[in-house]
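Here the structure is laid out as structure tokens; the discussion comes afterwards.
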Amino acid sequence: MNLCLLNEKSRVFANAYPGVVSDYANEHAGVHRVIQRRISVPEASLKHRTIGSLDLFQMSYGSRVQITSPEREALYHLHIILKGHCMWRSCGEEHGLAPGELLLLNPGAPFDLTYSDCYEKFIVKLPARFIDKVCSENQWSYPSEGVRFAPIHRLEQLDGFLSLLSLVCQEAETDQTIFQVKEHYAKIIVSKLLSLPGSNVSREPLGGACRSFERLEELIEKNLKQSISLEQLADLAHMSAHSLYALFEKHAGTTPKRFIRQRKLEAIYARLSDPQVAVSSVTEVALDYGFLHLGRFADYYKSTFGELPSDTLRRRG
């Protein structure tokens, strides 16, 4: 693959020993271990640039090398094979990669990569928090355990991605470009990757997720007297906490916690004001719905209905 990606302006090492390049990559790309046969001529090379919240690397260790990482940080890595071949192994799976294929490494997943002689690869380091941010800004939902990608893809699945990557590299090497512009390019890269098949991200806008919100309302109503955690709600809707907050903001104009509290207060008001419902005391009803701090409950109630709960109970006669 003859690509115009990072140029000599981004050169950090040329004809270096593998250990030097490995130390730099451990500090800037992510923790890993390199196993390489003894060499007589140092041929390792590395180029590095940042583009907003992302890091771009173009590198080679110069000869056959094995790279392992038993523990993954809160980082995703996109690997593009430019020259040579690579054998990927992880959790009992393996696949041989050739130029034109993509490898996406998820946080928490150990891996073993064995590269052929004369290989070269391009890496995009993607912080997990940045991917979460892009999903949140686009109001895309994903499970609470985080975004997960299928590992193996072909470049044809991302129409125009190589042209985009070439443009992004040019922008990364332009010193005058302001950070906000570079961050915009970084978000475009992540958005393109999130369109790949095999990820657990739903790109359906939250405006079309009415059924998800209805399910949440049903759960809240059925468990109104219980303590309902945000984790339970997120799991039910199959989305992250960020997406959950966006869903409630879209459909209720408030946070999940305030929405639940409002529904509890409305149920208490209905009980206190209905003469057909037996109520021995305001305290009993408040505790029944999980309000353990009675003074705070009274404040919430008066702020919502304009009177104290004891006044509501007294008025029903």
Side-chain angles (χ1 to χ4, degrees), residues 53 71-77 90-91 104-110 126-151 187 190-191 193-268 285-297 299-301 303-304:
S53 295
E71 293 184 8
R72 304 286 296 123
E73 306 151 281
L75 296 170
Y76 298 80
H77 280 105
S90 179
C91 303
L104 270 162
L105 302 175
N106 293 306
L126 309 114
R129 65 182 183 278
F130 186 67
I131 291 184
D132 292 349
K133 180 180 179 180
V134 172
C135 286
S136 180
E137 289 182 357
N138 286 287
Q139 296 190 356
W140 296 336
S141 63
Y142 58 94
S144 56
E145 63 266 23
V147 173
R148 287 294 179 271
F149 293 97
K187 290 177 181 179
V190 171
S191 297
L193 293 177
L194 288 168
S195 71
L196 283 168
S199 81
N200 59 358
V201 174
S202 171
R203 301 178 77 213
E204 176 189 3
L206 291 177
C210 294
R211 182 56 194 152
S212 295
F213 189 73
E214 289 172 3
R215 287 199 303 269
L216 292 173
E217 285 187 294
E218 291 169 4
L219 175 74
I220 290 169
E221 290 299 328
K222 289 179 181 178
N223 298 277
L224 207 52
K225 293 184 179 182
Q226 310 301 320
S227 175
I228 306 170
S229 70
L230 296 182
E231 289 76 13
Q232 287 176 297
L233 292 178
D235 287 343
L236 177 75
H238 305 293
M239 61 179 60
S240 68
H242 288 299
S243 297
L244 183 71
Y245 274 92
L247 185 67
F248 271 86
E249 180 63 32
K250 180 75 174 180
H251 291 279
T254 188
T255 65
K257 183 177 180 180
R258 288 174 180 168
F259 181 88
I260 294 170
R261 185 175 67 209
Q262 180 66 23
R263 288 299 175 90
K264 287 176 179 283
L265 290 170
E266 291 171 356
I268 292 173
V285 179
L287 293 175
D288 196 28
Y289 281 87
F291 288 100
L292 304 181
H293 193 293
L294 298 179
R296 192 172 299 137
F297 159 69
D299 290 339
Y300 289 145
Y301 191 96
S303 176
T304 302

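Everything numeric here is computed off the predicted structure, so don't read it as measured data. Nothing fancy with the numbering, it's 1 onward along the sequence.
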Output, in order, the C-alpha distance, side-chain angles, deciding distance and verdict of side chain to side chain contact (heavy atoms under 4.5 Å, CB included) for S191 and W140.
CA-CA 10 Å; S191 297; W140 296 336; 4.2 Å; yes

Using every non-hydrogen atom in the two residues, find where V147 and C135 come nearest and quote the distance to one decimal.
CG2-SG, 4.1 Å

Under 4.5 Å between any side-chain heavy atoms of L230 and P256, yes or no?
yes

Evaluate the side-chain proximity of L75 to P107: yes if any heavy-atom separation is below 4.5 Å, no if none is.
no

Taking the side chain from Q232 and the backbone from S229, do they hold a donor-acceptor pair closer than 3.5 Å?
yes

With the side chain counted from C-beta on, respond yes when Y245 and T255 share a heavy-atom pair under 4.5 Å apart, and no when they do not.
yes

Taking C-beta and beyond as the side chain, do L247 and L216 meet within less than 4.5 Å on heavy atoms?
yes

Note, I260 side chain near L233 side chain (heavy atom, < 4.5 Å):
yes

Ring-face cation contact, Y300 with R261, 6.0 Å cut, 45° max:
yes

Considering all heavy atoms, the nearest T304-Q262 contact:
CG2-NE2, 3.5 Å

N/O donor-acceptor pair under 3.5 Å between S90 side chain and P110 backbone
yes

Indicate yes or no: at least one non-hydrogen side-chain atom of F149 is less than 4.5 angstrom from one of L194.
yes

Rounded to the nearest 0.5 Å, what separates atom OG in S53 from atom CZ in R129?
6.5 Å

Donor-acceptor under 3.5 Å (D299 side chain, L294 main chain):
no

Check the pair L105, Y76 against side chain to side chain contact (heavy atoms under 4.5 Å, CB included), reporting the backbone distance first and the verdict last.
CA-CA 6 Å; L105 302 175; Y76 298 80; over 6 Å; no

Quick check for you: to the nearest 0.5 Å, what is the distance between L292 atom CG and S227 atom OG?
9.0 Å

Any donor-acceptor pair under 3.5 Å linking the side chain of N106 with the backbone of R148?
no

Work out which heavy atom in R263 is nearest to a heavy atom in L224; give both atom names and the distance.
O-CD2, 3.7 Å

Examine K264 relative to Y289 and say whether NZ or CZ is less than 6.0 Å from the centre of the six-membered ring and inside a 45° cone about the ring axis.
no

Shortest non-hydrogen pair, L219 vs I228, comes out as O-CD1, 4.4 Å

Could you check whether the rings of F297 and F291 sit parallel, tilted or perpendicular, using 30° and 60° as the cut-offs?
tilted

